Amino acid sequence: MRPESEAELADVLRSAEGSVAIRGGRTRAPAELPEGLVISTAGLSGIRLYEPGALTLVAGAGTPLAEIEAALTAEGQRLAFEPWDASVVLGRSGRSTLGGVIATNASGPRRIVAGAARDAALGVRLVDGAGEVIRAGGRVMKNVTGVDLVRLACGSRGTLGVITEVSLKTQPGPADAATLVAEGLSPGAAVAAMQAALGTAFEVNGAAHDPARGETALRLEGSALSVELRAERLTKALAGHGDWHVERGRDWARVRDAADLAGSGDLWRISVRSSDAADLVALLPGRWLMDWGGGLIWAEAPAGTDLRQLMSCAGHATLVRATPETHGRLGTLHPESAGVQRLSDGIAARFDPRGLFRSAA
Amino acid sequence: MDMPSPDPRILPRRDEIIRRLAGVLPEDALIHRAAELKPYECDALTAYACPPMAVVLPSSTEEVSAVLRICHDEGVPVVPRGAGTSLAGGALPTADCVILGVARLTGVLETNFADRYIRVGTGRTNLSVTGAVEGDGFFYAPDPSSQLACSIAGNIAMNAGGAHCLKYGVTTNNLMGVTLVLMDGEVVEIGGGHMDAPGLDLLGLVCGSEGQLGVVTEATLRILPKPEGARPVLIGYDSLETAGQCVSDIIRSGILPVAIEFMDRPCIRATEAFAGAGYPDCAALLIVEVEGSDPEIEEQLGQITEIARRLDPVELRVSQSAEESARIWLGRKSAFGAMGQINDYICLDGTIPVTELPRVLGRIEELSEEYGLGVANVFHAGDGNMHPLILFNANKEGDLEKAEALGAEILKTCVEVGGCLSGEHGIGVEKRDLMSVQYDPADLEAQMRVKDVFDPKWLLNPAKVFPLEVSRSRRTGEGLRPAAVQPPGYLETQRGTGS
């Protein structure tokens, strides 16, 4: 089923029964779509407004991310939060849509300084489980006008309704970029170096460690003059943290998408304090990668293993890739405290009173 | 502005309720004598005042929880209060309420420079959060003008911004976790030292919820390394439109200044008389600030002055020293004080798309003439956050009402061009009845559903944010809660054109 307008979608949802699954670009659904009605957002597509001078873009939820990125690139702008492309690790052939990116709050390496997808979202339109059209936020950068349903919609993974339109804050793209690379650092030394770099005023906006390649990488972006100056000074500042050399043209999409962990088998995405990262990776049974200065760990695990059992620190482990049976048994998201769970369930029940989207939870 | 009448079931039981509160609080944490209640009868929206039934000043999350449990049990409304600097009446009491002040929760609970966060009690002032980390080269970015006095609790409640949001974002972009006490006393931990918990973004809901969902007692805040330096350039134009064009051109060029501030002639003249910052007498002034090391600052200021020159400025002054920077900022920072010296004023904070600046400033001029009241503009132009100051005489019969009506017209204009009623002050009681200009009934219903979950009895800061008519059945507990509350005439109200 492919509604061509928000009004048609609202009609469909008002009369829907049983279970409804939302299909965006078919890149990141954790398992096979559940049985029942499948609603595609492909008909809710297209850029509706783009004002580079106001750093604002409004587009339908079904708009392919590639279309948005092409429009931004033409104006020398980009999405600050650097959304990761789930099709890489999941081996899917689909193309990410804006709705999918927002519904999963998908953010890449630049998240550490530029914020997540939810930080760039200015407004959202959503049709809830009762078929009501809800507008939240708008298209301005500061907005404290009532309860912030924009943040609520971001990362709601299709449990509250179908996102139909999103307004985003865009960012001017940099003229230049460079990456500082050190080789052979232990996980502990790599985390310490990344923490030190992120604690400087040089605005490092990517900090990753790849043990298989033996590389720790720090990204700088800005004007040519600024990048050159900061690369030189950051190298000096990290003198006690290994030997660093400057590389140009490094491919950060590989870090963003955890491309080295593409394939099959279970894959987890774990958010922790960077201070807890080195201890955690020492316990991991398979290959892993660090992003966000150690705050994000991608980890492979033997099929059906619950990596959360290894975590003695605070954090959230999300099951990204596994069989439907494992997703069902272990749960895709990290279990929450009783209080958070009760509040979340209460909100879902009010936005989706007939439980149309419950199978997405 | 109306407030609901006090609940007749509460006031007769006042003594009993105070006795119960006294049982869970130290003696000096409970205020109930009339003279001592006086300081709590209003916040910075001084046009409205009402003494509360009692004030409690707990010193721990446990005490907050104990107080809320009693109030929940007794059906007593609770109005949370930070430092009382709300310009929107967010902490305005009702006669039957208990004010819960967090002013004693001021501790620094953890500083973690490796992971770049600080955890504090939310009664701590905004500026003293930076104070706790600046010795180590860090700062807390959101910088509302009231930062010397305002509390983190209030910053979270109103999703506070400031002059430097263009680069660093507002409170919600710098908040990592909270300890939230629900109205029934339950303590819930949300977020913390790690980022982006999957699942519903309850942290995002709590931030900006104006004390409607719970009382935040502790907060984990992102801290950032202090930039090496910062320097402003002062640019004057002989028309508002040209200044607006300059703002848009700078942003479009790919430079991201940390602040772009805008002042119009009435404001320039008043601040000049008050502070003598040496501003030129022109239609519009911009202060654009950039950050970095000296060569980076030079490069950015060079690009900005090149853009500014193309539009024929009447003044262009690049700061060459810390002293000169301070002088350029002096007028802007004393603008509100300067205006207060010559007039009473209402300060609005409607936000608009940056590209609409010239049009909206023109409309404000027209409205100002139509109502016969002066309006001075001083605001954060880079992010479209307007601050029209409507000047009036509080001692003149009907002047306040006229100023409020003019304010409402200005805010409607903001919504019409795709903006919103408030960028950083919040709705409170001040803009409560304008919410239906921006939102449809279904939008407001969806927001109220969230409150239903956190505060089913609608006891926390009731009669704020949502128009009274729209929230009536929930506040009074009368009748069923229909899917969309649609009072008579409600659907005819104007709808915004925002996306």
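Labels below follow one simple rule: chain letters A, B, ... track the order of the sequence lines, proteins then strands, and each chain is numbered from 1. Since the model is a prediction, treat every value here as computed from it, not as a measurement.
- Heavy atoms of A:Val191 lying under 4.5 Å from chain B are absent altogether.
- With respect to chain A, the highest number of heavy-atom pairs below 4.5 Å among B:Leu180, B:Asn173, B:Leu357, B:Asn112 belongs to B:Asn173.
- Only the side chain of B:Glu186 comes within contact range of chain A, judged by heavy atoms closer than 4.5 Å.
- Between chain A and the options B:Leu166, B:Leu256, B:Thr172, heavy-atom pairs under 4.5 Å are most frequent for B:Thr172.
- When each of A:Ala348, A:Gly293, A:Ser271, A:Gly155 is checked for heavy-atom pairs under 4.5 Å with chain B, A:Ser271 comes out on top.
- Most heavy-atom pairs under 4.5 Å with chain A: of the set B:Phe138, B:Tyr117, B:Phe466, this distinction falls to B:Tyr117.
- Atoms CD and CG, from A:Glu221 and A:Asn205 in turn, are 4.0 Å apart once rounded to the nearest 0.5 Å.
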Pair A:Trp292-B:Asp196, side chain to side chain contact (heavy atoms under 4.5 Å, CB included): steps then yes or no: CA-CA 12 Å; A:Trp292 297 357; B:Asp196 296 349; 3.7 Å; yes

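- Counting heavy-atom pairs under 4.5 Å between each of A:Thr56, A:Leu122, A:Thr200 and chain B puts A:Thr200 at the top.
- Counting heavy-atom pairs closer than 4.5 Å to chain A, the top-ranked of the candidates B:Gly199, B:Gly384, B:Gly161 is B:Gly199.
- If you measure heavy-atom distances from B:Glu228 to chain A, the contacts under 4.5 Å come from both the backbone and the side chain.
- With respect to the salt-bridge test (charged N to carboxylate O, under 4.0 angstrom), the residues B:Lys167 and A:Glu203 qualify.
- Only the side chain of A:Asp128 comes within contact range of chain B, with heavy atoms under 4.5 Å apart.
- In this structure, chain B has a heavy atom under 4.5 Å from the side chain of A:Arg118, while its backbone stays farther away.
- Heavy atoms of A:Leu160 lying under 4.5 Å from chain B belong exclusively to its side chain.
- Ionic pairing of A:Arg135 and A:Glu165 is not present here: no N-O contact between side-chain nitrogen and carboxylate oxygen is shorter than 4.0 angstrom.
- Using a 4.0 Å cut-off between charged nitrogen and carboxylate oxygen, A:Arg342 and A:Asp345 do not count as a salt-bridge pair.
- For A:Arg230, the part lying near chain B is the side chain, with the backbone staying farther off; criterion is any non-hydrogen pair under 4.5 Å.
- Here the shortest heavy-atom pairing between A:Met141 and A:Ala54 reads CE-O, 3.4 Å.
- With chain B as partner, the option from A:Arg111, A:Arg269, A:Glu336, A:Gln341 having the largest number of non-hydrogen pairs under 4.5 angstrom is A:Arg111.
- Heavy-atom distances place no part of B:Asp349 under 4.5 Å from chain A, backbone and side chain included.
- At a 4.5 Å heavy-atom cutoff, the contact between A:Glu75 and chain B is made by side-chain atoms alone.
- Interface residue B:Phe454: backbone and side-chain heavy atoms are both found under 4.5 Å from chain A.
- With respect to A:Glu132 and A:Arg14, no salt bridge is recorded, no charged nitrogen being found less than 4.0 Å from a carboxylate O.
- Ranked by heavy-atom pairs under 4.5 Å with chain A, the list B:Val170, B:Val465, B:Leu205 is led by B:Leu205.
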Worked check of side chain to side chain contact (heavy atoms under 4.5 Å, CB included) between B:Phe113 and B:Ile223: CA-CA 8 Å; B:Phe113 297 111; B:Ile223 51 173; 3.8 Å; yes

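- Both the backbone and the side chain of A:Leu343 come within less than 4.5 Å of a heavy atom in chain B.
- In summary, A:Arg151 and B:Asp201 do not engage in a salt bridge, as defined by a charged side-chain N under 4.0 Å from a carboxylate O.
- A:Asn143 CG to B:Asn159 CG: the interatomic distance, rounded to the nearest 0.5 Å, is 9.0 Å.
- Both the backbone and the side chain of A:Leu198 come within contact range of chain B, judged by heavy atoms closer than 4.5 Å.
- Within the model, atoms CG of A:Leu44 and CG of A:Leu98 stand 11.5 Å from one another, a figure rounded to the nearest 0.5 Å.
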Full working for side chain to side chain contact (heavy atoms under 4.5 Å, CB included) between B:Ile251 and A:Leu55: CA-CA 8 Å; B:Ile251 289 174; A:Leu55 302 178; 3.4 Å; yes

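- For a residue to count as touching a neighbouring chain, one of its non-hydrogen atoms must lie under 4.5 Å from one of that chain's; by this rule A:Gln171 does not touch chain B.
- Of the residues considered (A:Gln195, A:His334, A:Arg273), A:Arg273 shows the highest number of contacts with chain B, using heavy-atom pairs under 4.5 Å.
- Between B:Thr171 and B:Ala160, the closest heavy-atom pair is OG1-O, 2.7 Å.
- The aromatic rings of B:His194 and A:His316 are tilted relative to each other, their planes meeting at an angle between 30° and 60°.
- In this structure, chain B has heavy atoms under 4.5 Å from both the backbone and the side chain of A:Phe351.
- Of the residues considered (A:Gly115, A:Ala114, A:Gly315), A:Gly315 shows the highest number of contacts with chain B, using heavy-atom pairs under 4.5 Å.
- If you measure heavy-atom distances from A:Ser275 to chain B, the contacts under 4.5 Å come from both the backbone and the side chain.
- In this structure the side chain of B:Met386 reaches within 4.5 angstrom of the side chain of B:Val360, judged on heavy atoms.
- B:Gln212 and B:Ser209 form no side-chain donor-acceptor contact under 3.5 Å, judged by distance and modelled atom types alone.
- When all heavy atoms are compared, the tightest approach of B:Pro295 to A:Leu229 is CB-CD1, 3.6 Å.
- Interface remark: B:Leu202 contributes side-chain atoms only to the contact with chain A (heavy atom separation under 4.5 Å).
- At a 4.5 Å heavy-atom cutoff, the contact between B:Glu189 and chain A is made by backbone atoms alone.
- Only the side chain of A:Asn105 comes within contact range of chain B, with at least one heavy atom under 4.5 Å from a heavy atom of that chain.
- Within the 4.5 angstrom heavy-atom criterion, only backbone atoms of B:Ile352 (N, CA, C, O) approach chain A.
- With chain A as the partner, the residue from B:Met158, B:Met195, B:Glu210, B:Lys464 showing the most heavy-atom pairs under 4.5 Å is B:Met195.
- Scanning all heavy atoms of the two residues, the minimum distance from A:Ser156 to A:Leu152 falls at CB-O, 3.4 Å.
- B:His164 and B:Glu291 share no donor-acceptor pair across their side chains, judged by distance under 3.5 Å alone.
- Interface remark: B:Pro227 contributes backbone atoms only to the contact with chain A (heavy atom separation under 4.5 Å).
- Ranking A:Val113, A:Val272, A:Ile112, A:Asp119 against chain B, the residue ahead of the rest is A:Asp119, based on heavy-atom pairs under 4.5 Å.
- Only the backbone of B:His425 comes within less than 4.5 Å of a heavy atom of chain A; no side-chain atom from C-beta onward does.
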